[in-house]
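Remarks on the structure that follows.
Small disclaimer: the values here were computed from a predicted structure and weren't measured.
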Amino acid sequence: MTSQSLPETVPAPSLWQRFVDLLGLIRFSHTVFALPFALLSAMLAWQVAPFEWKHLLGIVLCMVFARSAAMAFNRLVDRDYDARNPRTARRHIPAGILSKGLVTVFTLGCVGGFIASTLLFLPNQWPLFLSVPVILFLLSYSYAKRFTAFCHYWLSAALMLSPIASWIAITGSIDWPPVCLAAMIFFWVGGFDILYATQDAEFDQGENLFSLPARLGIPTALRLAFVSHLLTIVCLFAFWKVSGLGGLFLSGSIAVSLLLIYEHSLVRPGDLSRVNTAFFNVNAVISVGLFLLAAADLLI
């Protein structure tokens, strides 16, 4: 008589592993695209308003919570598309690494954390008053691909709010430096999101989703992304002019202009293999580099 072996029990993931998986879900490292610009705007705002540690903490928390909520919500609403797309099928929800329920709780927690973090700016009530419409706008980006080919610029409009929000949170007003910086972010993010979307052009066409590469073709979309980045350069120099930053930031702006041109040399209609290099490496250097140069310029 043979004994039957009992099925092996797979241990439940630890809390730490769940936390790591959630960070992977929202690509936490990509926070470098937006946070430096919020801090850059804050540094300039502190030239006209007193510095407070609670404001710095509030900016960091608001940025982390807002971006985390938007990314997690995007993964929730796109989970069925992700499951059908070979490029994204191994993302956390379609792969079964994280459950829909856990990601929903995480999203709601981040939304609550974002709204609560605006209390750090009191007695300035503008951040609290604007927190709900802002987070709703960020979350609504996830549906943009269902009805507009310009969904890339919905994303860029969401990210361009960061320098404006930082300025309002610190000063309670608005001025040209955060506006010009926001315009630079709008065209920069829109352009590189078009580049990123070229990877899914065929899938988007098959699923009747809207994106510029899917609707206009990859060659035309790449030309539009290039135009968008030319406008980025114009807005970057306009920001340098109105911000009062000096020669160090100007030299960085010239370097960024060359990097943007280099970014487009990495992506060709017949060769999309280096899209991720263009998307992450180059753009991370641009955002962090501009922040560091501005900080050094202000110190000098």
Using side chain to side chain donor-acceptor pair (under 3.5 Å) as the criterion, list what pairs up with Asp175, not counting sequence neighbours.
-> none
According to the salt bridge (charged side-chain N to carboxylate O under 4.0 Å, His left out) rule, which pairs have a member within residues 249-262, sequence neighbours left out?
-> none
Does Asp297 have any salt bridge (Lys or Arg N to Asp or Glu O under 4.0 Å) partners at least two apart in sequence or in another chain, and if so, which?
-> none
State which residues pass ring-ring contact (aromatic ring centres under 6.0 Å, His included) with Trp46; sequence neighbours excluded, sorted by chain then number.
-> Phe51
Mind checking whether Phe73 and Tyr141 have ring centres under 6.0 Å apart?
-> no
Could you tell me which residues satisfy side chain to side chain donor-acceptor pair (under 3.5 Å) with Asp204, sequence neighbours excluded, listed by chain and number?
-> Lys145, Ser211
Scan side-chain atoms only and decide if Glu263 and Asn283 contain a donor-acceptor pair under the 3.5 Å cut-off.
-> yes
Sequence neighbours excluded, the answer for side chain to side chain donor-acceptor pair (under 3.5 Å) partners of Arg223 is Thr220
For Arg215, salt bridge (Lys or Arg N to Asp or Glu O under 4.0 Å) partners two or more places apart | none
Please list, chain by chain and in numerical order, all residues satisfying side chain to side chain donor-acceptor pair (under 3.5 Å) with Asp21, sequence neighbours excluded.
-> Gln17
Pairs flagged by ring pair (Phe, Tyr, Trp, His ring centres under 6.0 Å) wherever residues 145-168 is involved - sequence neighbours left out = Phe137-Trp154, Phe147-Trp154, Tyr153-Phe186
With sequence neighbours excluded, tell me which residues meet side chain to side chain contact (heavy atoms under 4.5 Å, CB included) with Val103.
-> Leu25, Ala72, Leu76, Ile93, Leu98, Thr107
For the side chain of Arg146 and the backbone of Ser142, is there at least one donor-acceptor N/O pair under 3.5 Å apart?
-> yes
By ring-ring contact (aromatic ring centres under 6.0 Å, His included) - contacts of His55 (at least two apart) | Phe121
Which residue pairs pass the salt bridge (charged side-chain N to carboxylate O under 4.0 Å, His left out) test with at least one member in residues 51-77, sequence neighbours excluded?
-> none
